[in-house]
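Have a look at the structure below before the remarks.
FYI, the numbering just counts along the sequence from 1. The basis for the numbers below is simple: all heavy atoms, side chains too, and nothing from hydrogens, waters or symmetry mates. Treat the numbers as computed from the prediction; the structure is a model and nothing was measured.
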Amino acid sequence: QRQLPAAGRCSPAHRPRTVANVLRELAEKQQLSEETVSLLQAQFSDLPCELHSWRQMAEYSPEMRQFACILHLYHVKAYDYLRKIFPLPHPYSLTNWLSNNEAAAGFSNNIFLRLQEKVERGEQAYRFCALMVQDMSLQKQQEWDPQTQRLTGFVDLGAGILDADEAPLASEAIILMAVGISSPWTAPLGYFFVNSTTGHLLAQLLRQTISKLNNIGITVLAVTTGATARGAETARALGIRIDPERIQCTFQHPPGSAHSITYFFDICHALQLIRNALQYFQKIEWLSDTVWWQHLVELAALREQKVLEPCSPKSGRPGSEENYHLKVNLATLLFSEGVADALEHLQKLGLASFQNCSGTVKFVRLMSRLCEVFHGRVPYRRGLKGPLLAGNYTKISHLFNEAKSCFVTLMDSMGRYIINSKRKLGFLSFLLNAESLKWLYTNYVCPEGTPSHHLLTCAFSLDSLELFLRALQQACGSSGNPTCSVFQAAYHKLLASCSLVPGSPHSGGSGSMSSLDISLSRRRDLTLGSIRAQYNPACGRMLATEYPCCAGLLLRGSALSNALTDLSLHAQSITCTAGFIAEQLASDLQCEACLASLFESDESRLRCRSVLYVKKLGGVSLPSASVYHITSISEQVLNWYGKVGDSNKTTKLWHLSLEQKVFQELLGESPLFPTLMNHLFDGELCVNNHYSVLVKEITQRYLNIR
């Protein structure tokens, strides 16, 4: 080294082996970006430079730990190269340095300790899990924290914030969550503040998380990311191959080991991509059939039509005509059995817009069955909607083969294969997910002696994490992007209510919203209503804002109300008010089954709930018997208890007492909404399901009108 020329004139081969010089060599070889090198040099200018200084250290200083963590997460090859020169720790020993107590950035020690306790107690539901990752946008803002006496708002990957003058502010938070695959428990594992998220960074964070879960006895079987460009980059960084001819659906962890982990793309994202592809191409050729986007547009835009037919003898008015109105259920999902049935029904009616729609029906029905497989939410459902079992695997496997033969042969109007076009990711996502699900069945459900006898396929979607993120956004208290400090406070609040109990309303800190509700909410852009709003913005769901005139017949104290003696007229006024409430509630509901249950319809014509034949009276839709019964009981309660506490009738407490009386009267009555009995099993078995939500909504809206 004494014979070397001045540092400014020496070649890379003759530079002294310092951290800064090695980093500069990596940048010159384009193995490390200039931005990363500048950040590391600015943040860690006080690190020991010479090699002998590192060897003389008895233990790693906080700065050395932070440097090692940042370098490994940003570029693993650069870390491995530097580790050959400097005594850096093994990558899997970095996991503990990325962990923190309370709600600081990094892995949450408290959650991992609680999970470890459950594993050590022998709770089988926690032995296997799926891992998912999602990002959340942050507001770039530097703030002073009076508790830590430091500036916040910078990048923080768990080993400490990067607060140098040249360091960028954080713009995103990466959140990781574990989900049970045979029992619906969820656990938020931690978060990381970053400036820009890359697929390589997500892959490294996922590997660190898998190692930390392995250390406490939990085996990760699957990883889920969004079906986005970043998700595809993450998959490739982990070793996943997304090629329709040679799909590689698993990666090894640790690399080179025998343990394989499957990879899934979020189904909701994949469906949106397929919807976009169909809308982009307008027409897709499928062997001898043609799939037309216009058929779906025409269905969504179908106007309410009056249908007349002679009354049945039971009506007692032979020769007269019953007044039915055909209307589209706008809450119906685009790729559903209901849309396929509706298209077939309208074709049979002879409507010109729906002729030659057999190809569209066939494609929609195929996508509907695929969606049923990947939305298996509860273990007690049967068929495609149930969990992955030995009893239904053969049917599911045949469906996957049918889907693959379809997707690889789809062509646009120019004869080009869509699977090779720029609109291919949605179709490839389904093919990858199908291979991953088959691999899991072969290795964890089918073999004798394996602990998992069924798989909840909803665990491989981002629904649980999205549910947590919405609760997190609500806890932040603002509609815009939160700052780092606001995010941290909200995360701490949710972590305190996290129970980890399967099916608990606060499992994973998700609040009171159910997994079924979040699934429907995320697919709101995939409904007939969203298509109508896109093509006819002024003709979306019409919300009635004025109360019907018949409600005035019930207003206490009016001359007409006091003189009212005709009970049939009284019942008619309740019916019209109930119909008004049904129409008002239908504008807000996102559930196809619940919306259909609100109206009295002619189910003899069409049993699907995507197209309804609704009776009308005076321009108002007639409600179903269940809606009428709830409003009738509400009116009785109001008559019985309305004279009590006249001075406090405007208080919320009085309204709640009336609602309680209505619920008490409804208890012990005949079951309401008989068409929803099977639908109640689509979500968790809990009191706060769609059944109870409908009863509360109808009661509250009626009492508000009165």
Exercise for review: Determine, stepwise, if the pair Asp525 / Arg275 fulfils salt bridge (Lys or Arg N to Asp or Glu O under 4.0 Å).
Suggested key: CA-CA 10 Å; Asp525 291 338; Arg275 174 199 187 277; over 6 Å; no
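- In terms of heavy-atom proximity, Ser597 sits nearest to Leu694 at OG-CD1, 3.8 Å.
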Review point. Does the pair Trp293 and Ile284 meet the rule for a side-chain contact (heavy atoms from CB on, under 4.5 Å), with working shown?
Key: CA-CA 9 Å; Trp293 169 254; Ile284 293 178; over 6 Å; no
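- Judged by the 6.0 Å distance and 45° axis criteria, Lys327 is positioned over the aromatic ring of Phe599.
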Practice item. Just do the side-chain contact (heavy atoms from CB on, under 4.5 Å) check on Val297 and Gln294 with the steps written out, would you? Key: CA-CA 5 Å; Val297 175; Gln294 190 61 29; 4.1 Å; yes
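- Geometrically, Lys362 engages Trp286 in a cation-pi contact, judged by NZ or CZ lying under 6.0 Å from the ring centre and within 45° of the ring axis.
- Here the closest non-hydrogen pair linking Ala578 and Tyr628 is CB-CA, 4.3 Å.
- Side-chain atoms of Asn433 never come within 3.5 Å of backbone atoms of Phe264 as a donor-acceptor pair (strictly under, hydrogens ignored).
- Judged by distance alone, with hydrogens and angles left aside, the side-chain atoms of Ser587 form a donor-acceptor pair with the main-chain N or O of Glu583 at under 3.5 Å.
- Between the side chain of His629 and the backbone N or O of Ala625 there is no donor-acceptor pair closer than 3.5 Å.
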Practice item. Under the side-chain contact (heavy atoms from CB on, under 4.5 Å) rule, what do Glu344 and Asp341 come out as? Steps first, then yes or no, please. Key: CA-CA 5 Å; Glu344 286 182 331; Asp341 290 343; 4.1 Å; yes
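- Here the side chains of Val339 and Leu528 are in contact, with some heavy-atom distance below 4.5 Å.
- With a 6.0 Å radius and a threshold of 12 heavy atoms from other residues, nucleotides or ligands, Gln534 has its CD atom above the threshold.
- Contact check for Pro623 versus Ile581: no side-chain heavy atoms found under the 4.5 Å cut-off.
- In plain terms, the two heavy atoms of Met132 and Ser461 that are nearest each other are CE-O, 3.1 Å.
- Taking the charged nitrogens against the carboxylate oxygens, Arg701 and Asp588 do have a contact shorter than 4.0 Å, which makes a salt bridge.
- Among the candidates Thr360, Leu343, Val361, the single residue satisfying the side-chain contact (heavy atoms from CB on, under 4.5 Å) test with Phe354 is Leu343.
- Using a distance-only test at 3.5 Å, with no hydrogens or angles considered, no donor-acceptor pair links the side chain of Asn329 to the main chain of Leu612.
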Practice item. Evaluate the criterion side chain to side chain donor-acceptor pair (under 3.5 Å) for residue pair Gln347 and Gln355; output intermediate values, then yes/no. Key: CA-CA 6 Å; Gln347 183 182 28; Gln355 300 309 304; 4.5 Å; no
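- Side-chain contact between Phe427 and Leu273 is absent, with no heavy atoms from C-beta onward closer than 4.5 Å.
- For Arg470 (side chain) and Ile518 (main-chain N/O), no donor-acceptor pair under 3.5 Å exists by modelled atom type.
- The closest side-chain heavy-atom distance from Trp185 to Val179 is not below 4.5 Å.
- In this structure the side chain of Cys371 reaches within 4.5 angstrom of the side chain of Leu271, judged on heavy atoms.
- To the nearest 0.5 Å, atoms CG (Leu585) and SG (Cys594) are separated by 9.0 Å.
- The aromatic rings of Phe374 and Phe430 sit perpendicular, their planes meeting at an angle over 60°, well past the 30° parallel limit.
- For Asn356, the CG atom sits in a loose shell: 12 or fewer heavy atoms of surrounding residues, nucleotides or ligands are nearer than 6.0 Å.
- A donor-acceptor pair under 3.5 Å is formed between the side chain of Gln282 and the backbone N or O of Gln279.
- Surrounding OH of Tyr535 are more than 12 heavy atoms belonging to other residues, nucleotides or ligands, all under 6.0 Å away.
- Residues Ala301 and Arg532 come closest through the heavy atom pair C-NH2, 3.9 Å.
- A donor-acceptor pair under 3.5 Å is formed between the side chain of Thr457 and the backbone N or O of Val373.
- Between the side chain of Thr224 and the backbone N or O of Phe460 there is at least one donor-acceptor pair closer than 3.5 Å.
- In this structure the side chain of Pro188 never reaches within 4.5 angstrom of the side chain of Ile175, judged on heavy atoms.
- Checking side-chain atoms of Ser530 against main-chain N and O of Thr527 turns up a donor-acceptor pair under 3.5 Å.
- Looking at Glu337 and Arg369, no side-chain N of the basic residue comes within less than 4.0 Å of a carboxylate O on the acidic one, giving no salt bridge.
- In terms of modelled atom types and a separation under 3.5 Å, the side chain of Ser634 and the main chain of Ile630 share a donor-acceptor contact.
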